[in-house]
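The block underneath contains the structure these notes are about, expressed in structure tokens.
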Amino acid sequence: MHFSGLRVIREALTGHKGWKPLWRNPEPQPAYDYIIVGGGGHGLATAYYLAKTFGRARIAVLEKSWLGSGNIGRNTTIIRSNYLLPGNEPFYEFSMKLWEGLEQEFNFNAMVSQRGILNLCHTDAQRDAFRRRGNAMLLAGADAELLDREQVRAMAPFLNFDNARFPIKGGLLQRRAGTARHDGVAWGYARGADMRGVDLIQNCEVTGFRIDGGRISGVETTRGYIAAGTVGVAVAGSSSRVMAMAGMRLPIESHVLQAFVSEGLKPTIPGVITFGAGHFYVSQSDKGGLVFGGDIDGYNSYAQRGNLPVIEDVAEGGMALMPMIGRARLLRVWGGIMDMSMDGSPIIDRTPVEGLYLNAGWCYGGFKATPASGYAFAHLLATGRPHETASAYRLDRFTRGYVIDEKGVGAQPNLH
Amino acid sequence: MLIPHPLLGLRDAQEFTYLGDAVLLNRPDGMAEGAEAAFAEYVYLRDNPAGVHRELWFHEQGDRSWLVVTRDTTTHEILGAELARDVKLKGGAA
């Protein structure tokens with residue numbers, strides 16, 4: 001089933017009787033060549049690229065709940081590639097380029113909207129740091145513009161420019177950044193993978209790995225044993241729990257991150273605005289709700305809900321940045337579980353168990369990475385070698401001393 | 001969350017800062033055989049359990065004591081708190 005404007009018109013004229021479910025609901029086969037554990041954004045993208053780009057077959061995605069039931073549907077939908085470090089920026093820019101062609105690529109409306117992201121700065125030192133980051137972005141083929149105070153004012157006149165503690169002095173703008181419809185991304189990848197013969201198996205929880213002589217031979221699940229020569233785990237939030245079944249301890253803590261949406265308002269926020277110093281960022285959804293968030297709660301959690309102090313902290317940040325937000329009513333607050341890694345950067349690598357691969361540690365930043373993470377993980381599963389943009393995301397980088405500490409805070413996950 | 005401080009009674013978790021798993025009390029001996037591997041594990045690897053977790057909280061806005069708090073990471077229920085000093089004197093975090 002191909003989506004097009006013509007198709008929408010035809011269905012509208014014929015009573016919408018021709019729409020079909022986007023994917024099958026197959027029974028698990030006894031054996032596959034490739035098993036992806038985790039039917040979220042990254043797992044589905046991995047299966048999609050493995051089938052489409054790398055031409056592999058006999059692939060299954062195992063999901064313990066329904067497809068896209070985790071963080072792919074819980075994030076604040078921001079896509080961007082405004083990183084500094086050489087281990088990170090080429091990867092995220094690769095992801096940004098995949099976002100730009102994504103809807104044509106998988107023939108599905110993911111509502112990718114390049115409305116820009118603006119990081120605000122408040123001191124000369126911070127402006128210098130932004131200039132450096134902007135230059136690093138340009139060197140990696142991304143776009144970046146340094147704005148002065150008046151240029152920021154022209155974009156967002158409603159901001160509080162004269163806050164006593166954090167007066168706005170300018171900002172770093174990436175125009176190609178923006179937002180996407182997060183569920184649509186999962187559905188698009190799921191549909192694209194299913195069309196290419198990938199079995200998407202829902203309500204199938206992995207309960208163990210079968211390992212023979214240091215090599216993976218399959219997975220135990222709630223729907224029976226399934227054999228596979230190559231198993232990729234993409235279960236960010238629960239990576240430690242799943243990999244513990246293979247006898248591994250990871251450089252990861254699980255933390256809860258909350259997100260917020262207001263009632264629907266008329267168009268008011270031009271793109272994504274981040275107020276890092278105040279632990280607050282905001283954008284506006286196409287439906288009109290202000291979508292915003294702040295920092296993680298700061299203690300280990302698997303609860304998918306946070307506590308009131310962080311809600312207050314985020315609200316205070318919002319009021320300091322744009323006092324008019326105080327007139328908007330909060331509609332919903334929810335939480336998601338982050339794989340907070342020890343250096344704030346992800347892991348896409350093989351493991352000590354031959355044939356078992358790991359995609360984990362996405363911290364705050366998993367959504368924007370979805371296309372590149374899927375592509376790079378599929379590359380690793382198909383070829384056994386890391387993708388060139390993801391070659392720094394090694395599992396052993398911590399013991400070797402090659403951490404990618406974008407924020408420079410060391411091995412304390414709740415500070416990343 | 002309210003943390004039952006052994007000396008001060010119930011205190012708001014907002015008065016504390018969080019460090020992480022209480023195994024951090026068991027610092028390896030830097031002079032021992034295999035100290036490099038032991039330190040890499042100590043600094044970077046965590047059990048990160050879903051369920052009961054013993055963890056270090058610092059009463060920064062209070063009496064500046066370190067506590068070992070036992071907490072369920074799936075519900076945020078706090079099951080107990082001891083002075084980290086007492087835990088260490090009893091022989092570590094285990």
Side-chain angles (χ1 to χ4, degrees), chain A residues 235-245 247-256 295-313 335 337-345 347 360-361 395-403 405 410-416, chain B residues 1-4 10-28 34-62 66-81 84 93:
Chain A
V235 296
S238 300
S239 298
S240 297
R241 298 165 74 180
V242 172
M243 296 313 285
M245 295 189 284
M248 290 176 60
R249 291 173 85 212
L250 299 182
I252 286 171
E253 288 179 3
S254 295
H255 286 258
V256 60
D295 282 346
I296 52 176
D297 271 37
Y299 42 80
N300 286 43
S301 174
Y302 284 93
Q304 284 195 327
R305 62 183 167 75
N307 274 309
L308 193 59
V310 168
I311 298 176
E312 287 179 331
D313 186 59
I337 303 303
M338 311 290 110
D339 265 10
M340 297 303 294
S341 68
M342 285 288 167
D343 61 357
S345 296
I347 295 155
L395 182 56
D396 66 354
R397 68 174 183 265
F398 302 93
T399 48
R400 287 184 299 118
Y402 285 85
V403 292
D405 193 350
Q412 205 176 328
N414 63 342
L415 300 183
H416 281 289
Chain B
M1 291 191 294
L2 294 172
I3 293 176
L10 284 179
R11 306 302 306 181
D12 193 324
Q14 279 300 95
E15 295 174 4
F16 294 78
T17 55
Y18 180 80
L19 183 64
D21 195 317
V23 296
L24 291 170
L25 288 173
N26 305 334
R27 190 181 169 85
E36 190 179 333
F39 263 100
E41 189 167 316
Y42 171 79
V43 173
Y44 293 119
L45 300 187
R46 298 287 182 269
D47 285 339
N48 191 22
V52 175
H53 190 224
R54 285 166 62 75
E55 54 203 21
L56 287 165
W57 292 74
F58 177 52
H59 199 193
E60 188 172 36
Q61 308 288 327
W66 281 95
L67 302 188
V68 173
V69 176
T70 308
R71 192 175 58 94
D72 189 328
T73 58
T74 61
T75 62
H76 299 163
E77 184 189 1
I78 291 176
L79 305 167

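The model shown is predicted, which means the values in this text are computed figures rather than measured ones. Just so we're on the same page: letters track the sequence lines, and every chain starts at 1. Note: hydrogens, waters and symmetry copies are ignored here, and every other heavy atom, side chains too, is used.
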Next item on the list: Grab the two heavy atoms, one from A:Tyr302 and one from B:Pro49, that are nearest each other, plus how far apart they are.
Entry: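 For A:Tyr302 and B:Pro49, the tightest heavy-atom pair comes out as CE1-O, 3.1 Å.
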Checklist line | Nearest non-hydrogen partners of B:Met1 and A:Asn307, listed with the distance | finding: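 That closest heavy-atom pairing would be CG-ND2, 3.5 Å.
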So, taking the atom named [atom1] in [X] and the one named [atom2] in [Y], what distance separates them when rounded to the nearest 0.5 Å?
X: B:Leu45; Y: A:Met248; atom1: CG; atom2: CE; answer: 9.0 Å
X: B:Asp47; Y: A:Arg249; atom1: CG; atom2: CZ; answer: 4.5 Å
X: A:Ser301; Y: B:His53; atom1: OG; atom2: NE2; answer: 11.5 Å

Checklist line | Check: B:His76 and A:Tyr299 side chains under 4.5 Å, non-hydrogen atoms | finding: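 They are in side-chain contact.
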Notebook entry, point to check: With side chains defined as the heavy atoms from C-beta onward, is the minimum distance between B:Arg46 and A:Ile252 less than 4.5 Å?
Noted result: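 Result no, sub-4.5 Å side-chain heavy-atom pair not found.
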Note to self: For A:Glu253, which atoms come within 4.5 Å of any heavy atom of chain B: side chain, backbone, both, or neither?
What the structure shows: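 Both parts, backbone and side chain.
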Item checked: salt bridge (charged side-chain N to carboxylate O under 4.0 Å, His left out) against A:Arg241, all qualifying residues, sequence neighbours excluded ->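 Expected list: none.
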Notebook entry, point to check: Does a side chain donor of either B:Tyr18 or A:Asn300 reach within less than 3.5 Å of an acceptor in the other side chain?
Noted result: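 Yes - a donor-acceptor pair under 3.5 Å links their side chains.
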Next item on the list: Could you tell me which residues satisfy side chain to side chain donor-acceptor pair (under 3.5 Å) with B:Thr74, sequence neighbours excluded, listed by chain and number?
Entry: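 Checked B:Thr74 against side chain to side chain donor-acceptor pair (under 3.5 Å); matches are B:Asp72.
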Check: With respect to chain A, which residue among B:Asn48, B:Thr75, B:Thr17, B:Thr73 yields the maximal number of heavy-atom pairs within a distance under 4.5 Å?
Finding: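 Highest number of pairs under 4.5 Å: B:Asn48.
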Check: Of all of A:Pro251, A:Ala411, A:Ser341, which one pairs up most often with chain B through heavy atoms under 4.5 Å apart?
Finding: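 With the most close heavy-atom pairs to chain B, the winner is A:Pro251.
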